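A quick write-up on the structure given underneath.
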Number of protein chains: 2
Amino acid sequence: MVTLRDVAERAGVSPAVVSAAISGRSGNVRMSEATRQRVNEAIRETGYRVNHAARSLRTARTGVVSAVVPKLSNPVFEHVIRGIQDQVSSDGGVLMLADAEWLTPDSHLLTRLAARGMTDGFLVRRAQLGDDTIDALEAMQVPCVVLAGPDGTHPSVWVDDRAGIRCATSHLLALGHRRIALVGGLQLPAGRSDSRLLGFHDAFAEAGVAASADLHRPVGYAHPDIRRAVTELLATEQPPTAIVADNVTVAPAVYFALAEAGLRVPEDVSVVAYHDIATVDMMWPPLTTVRMPLREAGAQAARMLTTLIEGERAGGTILEGGAELVARSSTAPPA
Amino acid sequence: MVTLRDVAERAGVSPAVVSAAISGRSGNVRMSEATRQRVNEAIRETGYRVNHAARSLRTARTGVVSAVVPKLSNPVFEHVIRGIQDQVSSDGGVLMLADAEWLTPDSHLLTRLAARGMTDGFLVRRAQLGDDTIDALEAMQVPCVVLAGPDGTHPSVWVDDRAGIRCATSHLLALGHRRIALVGGLQLPAGRSDSRLLGFHDAFAEAGVAASADLHRPVGYAHPDIRRAVTELLATEQPPTAIVADNVTVAPAVYFALAEAGLRVPEDVSVVAYHDIATVDMMWPPLTTVRMPLREAGAQAARMLTTLIEGERAGGTILEGGAELVARSSTAPPA
DNA sequence: CTGAAAGCGCTTACAG
DNA sequence: CTGAAAGCGCTTACAG
């Protein structure tokens, strides 16, 4: 194995010079262009590559950031990851991804990842990770940014869910819908304000229309639950003429329930989904969605983590604005 | 920061004893149960956690394995990843995930990951990664297992695509279909045998039926291409009565094209897709698929990588069998 | 502008 | 059964 020392000998300089040439950091070393060239040549000739472990040990910094994502195959989160990756990479770091299912408070993975020298910090999604795991992380004093709305305790970054749902709902109201259902999403414990429900009501207030409060179904994100909720809504005396899907991932279940009931989209029922992913225009009919600046949220979170790693404090941030309606074919005026 | 030395002092033993107690490896150290308990107590009291960088530097082993996956949100690959994760984790290692898009032959990420001391080895998918990146990896002498059929050069593991497509095709033949199209998949360069097309023909041969060779459309996996291919097939003089989707991810595009043409599934056209993912029963009608032992393939690949890391050679493996038809509602006898 | 030396925290022969 | 010592490969003050 080629070491820095070997390169130094070959170039006829001391290890310190090679180290400076590699890192770019000057430190106390100021070298001539000729020397730098000689070093680079020696590196090329020997095929030298820096030993990451040795560097980490010495600098007490790994340059690795770990993102723990809810579910790898969740297409919504893919955008966030891309934002994180771009930022981490342009900062010269490496992003390490793990599935949240693997990470429990006393899992092997958490222990290993949070061991010093493996990762400088974590990006996690609170909703799916569980507060206990995040607390465990905190107890280990590992810098950690939560991808979710502020909760007053952890540094956090997220998009404006309230504005997003408002955007979706306003679109339906503008089309003339009045009986609008909000389907999916978690039933929050009393006291924790539900930003999505707030956004739903914002839209009605803005339009000067009384909200159809009986049409809120926070039944989670499991497909059977979504299907049942929609089926039940359709069976009521005054069924909704439009549905806001709290998350694009549940839209297929909404379509499914509608098809089972023999209803057409958008002739009989309009559907808008929160969050935009590329593949929804493959649904039939193509789904109207609300696009959020998820990639920007990821980048912002990565930046906040860097701040944290460098020892500064950070609070909770919600990215303002950025909600944008992507009109496709699943919404129309009520019959 | 608490070091191993601190723990040793507290427990009244030498660092060597603490090291042995942690790693479980006895080495030359044989310690009494009382000593071991004292050490464990000291670890708990001090909150000591091993420094991964130091250990890696010393042992020249990181315990980290990197998987470079085609596309994070590809639900098919999710199963493979799970298999990898299970195996790596039960071997006491850590799995690091990266998106193939990030990894190009001279990308920052490749350089950093392949730097010594960051990762012991790689699991990569050839199809999407590009041979040049794999060659770069090889030039760096990083142990590397390819998730794909054997190509004679790289150690590799994959499921039996030929058997999988045969299973799907046989199902349609058994239902009475004769005009069967195979849609999607890559157009391989001449000379490289296409295991999927072979499987397609196997099924016809087995059924004693002449294959409908004019119905093979290896147009890749892009949704517009799939849609166009299906639309064109439907416009021919003798359109297919059934379609095998080369990959489940293109099934929505097939449904889309069928819906556009005003055809019903399965009354007018039957559809089977290769690979099974949980969400396909949310499609309307629920999609019949072929399930493959993808998780097992992932585990097997991880095991092979460990072998490679330990310095032994390895060849190409195809997991035999395991193809299983999952019948849902998208297939029926021809009208 | 460059070199010699110390030391990051661990593990592993080696000596007792 | 346990301790003292060397050294993994790097970076960083420090001295020149």
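Since the structure is predicted, the reported quantities are computational estimates derived from the model, not experimental observations. Letters A, B, ... mirror the listed sequences (proteins, then strands); counts begin at 1.
- In the set dC10(D), dG3(D), dC10(C), the nucleotide with an atom closest to the side chain of Ala54(B) is dC10(C).
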Pairwise N/O distances under 3.5 Å, protein to nucleotides 4-7 of chain C:
unit_1: dG7(C); atom_1: N2; unit_2: Arg58(A); atom_2: NH1; d: 3.1

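- Checking side-chain atoms of Arg116(B) against main-chain N and O of Asn51(A) turns up no donor-acceptor pair under 3.5 Å.
- To the nearest 0.5 angstrom, Leu113(B) atom CG is 10.0 Å from Met96(A) atom CE.
- Relative to the side chain of Met1(B), the nucleotides dC10(D), dT11(C), dG9(C) differ in distance, and dG9(C) lies closest.
- Protein atom CG of Asn51(A) is 7 Å distant from nucleotide atom P of dG9(D), rounded to whole Å.
- With hydrogens and angles ignored, the 3.5 Å screen pairs a side-chain donor or acceptor of Asp99(B) with a backbone N or O of Glu101(B).
- Here the C1' atom of nucleotide dC8(D) and the NE2 atom of His52(A) are 15 Å apart, to the nearest Å.
- Here the C1' atom of nucleotide dG9(C) and the CG atom of Leu57(B) are 9 Å apart, to the nearest Å.
- For Ser56(A), the side-chain contact (heavy atoms from CB on, under 4.5 Å) test picks out His52(A), Thr62(A), Ala53(B), with sequence neighbours left out.
- Listed for the Asp86(A) side chain is no donor-acceptor partner under 3.5 Å among the backbone atoms of Gly83(A).
- Side-chain N/O atoms of Gln85(B) and Arg82(B) include no donor and acceptor closer than 3.5 Å.
- Atom P of nucleotide dT12(C) and atom CD1 of Ile22(B) are separated by 12 Å, given to the nearest angstrom.
- Across all strands, Thr35(B) comes closer than 4.0 Å only to sugar-phosphate atoms, never to a base (heavy-atom distances).
- In the set dT11(C), dT12(D), dC10(C), dT11(C) carries the atom at the smallest distance from any side-chain atom of Thr59(B).
- With salt bridges taken as basic N to acidic carboxylate O contacts below 4.0 Å, one links Glu296(A) and Arg303(A).
- We find that CD of Glu9(A) is positioned 14 Å from C1' of dG3(C), with the value rounded to whole Å.
- Aromatic ring pairs are classed by plane angle as parallel below 30°, tilted from 30° to 60° and perpendicular above 60°; the pair Trp158(A) and His275(A) is perpendicular.
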- Message: Reading 5' to 3' and counting Watson-Crick or G-U wobble pairs with both distances under 3.5 Å, write the dot-bracket notation for DNA chain C, | for bases paired outside the strand.
- Response: |||.||||||||.|||
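- Here dC10(D) presents its C1' atom at 13 Å from CZ of Arg116(B), a figure rounded to the nearest Å.
- A sub-4.0 Å separation between OP1 or OP2 of dT11(C) and a side-chain N or O of Ser19(B) is present.
- Of all nucleotides listed (dG3(C), dC10(C), dG3(D)), dG3(C) comes nearest to the side chain of Val13(A).
- We find that CZ of Arg55(B) is positioned 19 Å from P of dC8(D), with the value rounded to whole Å.
- Arg61(B) has its CZ atom 15 Å from the P atom of dG9(D), to the nearest Å.
- Between the side chain of Asp160(B) and the main chain of Leu319(B), no donor-acceptor pair closer than 3.5 Å is present.
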